[in-house]
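For reference, the structure discussed in these notes is given below.
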Amino acid sequence: MCMKYKRLSDLEVNESGVISKVFYNGELGRRLMDLGFIAGSRIYCVGESPRGNPKAYLVKGTVIAIRNETCKFILLEGVDRGEA
């Protein structure tokens, strides 16, 4: 069976996925983990700015806006289309 992986930066509004891997270490990695960006967490894209960067994500009950440059190092699996 083939799993579909996607970068968080490629997630569209109203799509969700499960975080598979966060490729950050140090202070930024620790901050993302504190916000709930850990493997196994479901994350939803709930909005985006008029230019599409940053986007707003719902994870562990918190909405946070993150720029695409940061999101491209977060890998998702099990991407679904639907409301949060």
Side-chain angles (χ1 to χ4, degrees):
M1 185 162 105
C2 181
M3 277 247 178
K4 181 179 179 183
Y5 290 97
K6 195 173 197 177
R7 291 180 180 183
L8 182 57
S9 57
D10 296 328
L11 205 62
E12 299 294 330
V13 176
N14 294 328
E15 284 186 333
S16 69
V18 176
I19 297 174
S20 176
K21 179 75 174 160
V22 178
F23 293 97
Y24 277 107
N25 293 317
E27 188 175 329
L28 181 56
R30 195 170 25 260
R31 178 77 172 130
L32 289 170
M33 285 179 58
D34 289 345
L35 293 168
F37 287 76
I38 54 175
S41 296
R42 172 131 331 246
I43 188 165
Y44 301 86
C45 183
V46 295
E48 64 183 345
S49 69
R51 291 189 172 184
N53 191 21
K55 291 180 182 174
Y57 300 96
L58 173 67
V59 62
K60 299 282 187 179
T62 301
V63 175
I64 182 167
I66 304 178
R67 297 203 171 276
N68 290 338
E69 296 80 32
T70 302
C71 293
K72 67 183 179 182
F73 294 106
I74 301 171
L75 190 65
L76 305 176
E77 60 186 1
V79 175
D80 297 319
R81 184 116 179 109
E83 296 292 322

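What's counted below: heavy atoms across the whole structure, side chains too, no hydrogens, waters or symmetry copies.
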Item to check | salt bridge (charged side-chain N to carboxylate O under 4.0 Å, His left out): pairs with one or both residues in residues 54-71, sequence neighbours excluded | outcome: none
Next on the checklist: Rounded to the nearest 0.5 Å, what separates atom SG in Cys71 from atom CZ in Arg7?
Outcome noted: 11.5 Å
Checklist entry - Between Ser20 and Glu77, is there a donor-acceptor pair closer than 3.5 Å when you use the side chain of the first and the backbone of the second? => result no
Checklist outcome for this item: side chain to side chain contact (heavy atoms under 4.5 Å, CB included) filter on Tyr24, not counting sequence neighbours, yields Val22, Leu28, Leu32, Thr70, Phe73
Next on the checklist: Going by side chain to side chain donor-acceptor pair (under 3.5 Å), name the pairs with one or both residues in residues 25-40, residues two or more places apart or in two chains.
Outcome noted: none
Item to check | Connected-component partners of Ile38 among ILVMFWY, side-chain separation under 4.5 Å | outcome: Met33
Item to check | Exercise: identify the closest heavy-atom pair between Tyr57 and Ser9 | outcome: OH-CA, 4.3 Å
Checklist entry - Which hydrophobic side chains are connected to Val13, either touching it within the sub-4.5 Å cutoff or through other members that do? => result none
Checklist entry - Any side-chain heavy-atom pair from Leu76 and Ile19 closer than 4.5 angstrom? => result yes
Checklist entry - Roughly how far, to the nearest 0.5 Å, is CD1 of Ile66 from NZ of Lys72? => result 14.5 Å
Checklist entry - If every non-hydrogen atom of Leu35 is compared with every non-hydrogen atom of Val59, which pair is closest and at what distance? => result O-CG1, 3.6 Å
Item to check | Shortest non-hydrogen contact between Gly36 and Ser41, atoms and distance | outcome: O-OG, 3.1 Å
Next on the checklist: Any side-chain to backbone donor/acceptor pair from Asn68 onto Asn53? Under 3.5 Å, distance only.
Outcome noted: no
Next on the checklist: Quick check for you: to the nearest 0.5 Å, what is the distance between Ile64 atom CD1 and Phe37 atom CZ?
Outcome noted: 5.5 Å
Checklist entry - For Arg42, which residues count as a side chain to side chain contact (heavy atoms under 4.5 Å, CB included) partner, sequence neighbours excluded? => result Ser16, Val18, Tyr44, Asp80
